[in-house]
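Only one structure is covered here, and it is reproduced in the block below.
Each ligand, and each atom within it, is numbered from 1 in the order the structure gives. These numbers come from a predicted model, not from an experiment.
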Amino acid sequence: MTHRLSKHPLQFTEHSEKEMLTRAQGFYRLMQNRRSVRSFSSQPVPRQLIQQAILTAGTAPSGAHRQPWHFVAVSNADIQSQIRIAAEKEERESYERRMSKQWLDALSPIGTDWKKPFLETAPWLVACFAKNIGDDGAKNYYVQESCGIACGFFIAAIHHLGLVTLTHTPSPMRFLSEILERPSNERPYILFPVGYPAEDATVPDLKRKNPDQLVTWVEKSL
Ligand code: IYR
């Protein structure tokens, strides 16, 4: 058995309900403006900004605090070109053969296709790898959930600091492990191009669920 961690008092700052509502509304206003962007400027982004967003991702909760993620941040044009070529090869196969008609129909309003120029244009590609086994050889738990939460934090951090990203999951993504020379206990989870949007970037007119569609309340009767 490994030993129990020592405990210390929680750092908790209490806010008034009024203050909490103001904070909640401010955070919602920020997040409501987040969009997935598929067209990037090649304008460089300092490494420190990417580093900070990855640090935020790493604050996510994880099963047994095993932190079953590893991030690889790429700003190397040659590696980005290799990733684009490999991703487009798989995506072309997916769009032309592997994806069902139903799937293609679901995607058609968004207008995606197999071409992924943003993999070369964006100044950074940040890949999240999921680790089913830790570097200590022990099993990790709730790996998908933990990595999903960490990637959500990453997306929020990138938006909050003022850049854009895309949750990109070329499928299958095995090529990323090869190009980035990752160990066998890691599986590619999500690939995020990160940067400034292209000047002419457009986004589809998506509607988000209204509160009635989004939530069902089950409360004590008065
Ligand atoms: N991975 C492909 C297809 C794709 C699938 C879904 I579901 C999306 O929401 C978007 C794209 C691609 O990246 O084009």
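With hydrogens left out, the protein atom closest to atom 3 (C) of ligand 1 is Tyr95 OH, 3.3 Å, a heavy atom. When hydrogens are left out, the protein atom nearest atom 8 (C) of ligand 1 is Leu107 CD2, 3.3 Å; that is the closest non-hydrogen contact. For atom 7 (I) of ligand 1, the nearest non-hydrogen atom of the protein is Trp103 NE1, 3.5 Å. Taking atom 12 (C) of ligand 1 as the reference point, the nearest protein heavy-atom neighbour is Glu91 OE1, 2.6 Å.
The closest side-chain heavy-atom distance from Thr22 to His15 is not below 4.5 Å.
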Q) Going through the checks in order, is the salt bridge (charged side-chain N to carboxylate O under 4.0 Å, His left out) test met by Glu93 and Arg97? A) CA-CA 6 Å; Glu93 188 63 23; Arg97 276 173 274 279; 2.9 Å; yes
Q. Do Glu90 and Arg174 pass the salt bridge (charged side-chain N to carboxylate O under 4.0 Å, His left out) test, and can you show the C-alpha distance, the side-chain angles, and the key distance before you say yes or no?
A. CA-CA 10 Å; Glu90 294 294 1; Arg174 181 31 47 112; over 6 Å; no
Q: Could you walk me through whether Asp113 and Arg38 pass salt bridge (charged side-chain N to carboxylate O under 4.0 Å, His left out), step by step?
A: CA-CA 11 Å; Asp113 60 29; Arg38 292 180 167 77; over 6 Å; no
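Side chain of Glu145 to backbone of Gly63: no donor-acceptor contact under 3.5 angstrom is found.
Every residue two or more places apart in sequence or in another chain was checked for a side-chain hydrogen bond (donor to acceptor under 3.5 Å, both in side chains) with His168, and none qualifies.
Less than 4.0 angstrom separates some heavy atom of Thr169 from each of these atoms of ligand 1: 1 (N). Close contacts of ligand 1 with Lys116, meaning ligand atoms under 4.0 Å from a residue heavy atom, involve 12 (C), 13 (O), 14 (O). Ligand 1 places these atoms under 4.0 Å from at least one heavy atom of His168: 13 (O).
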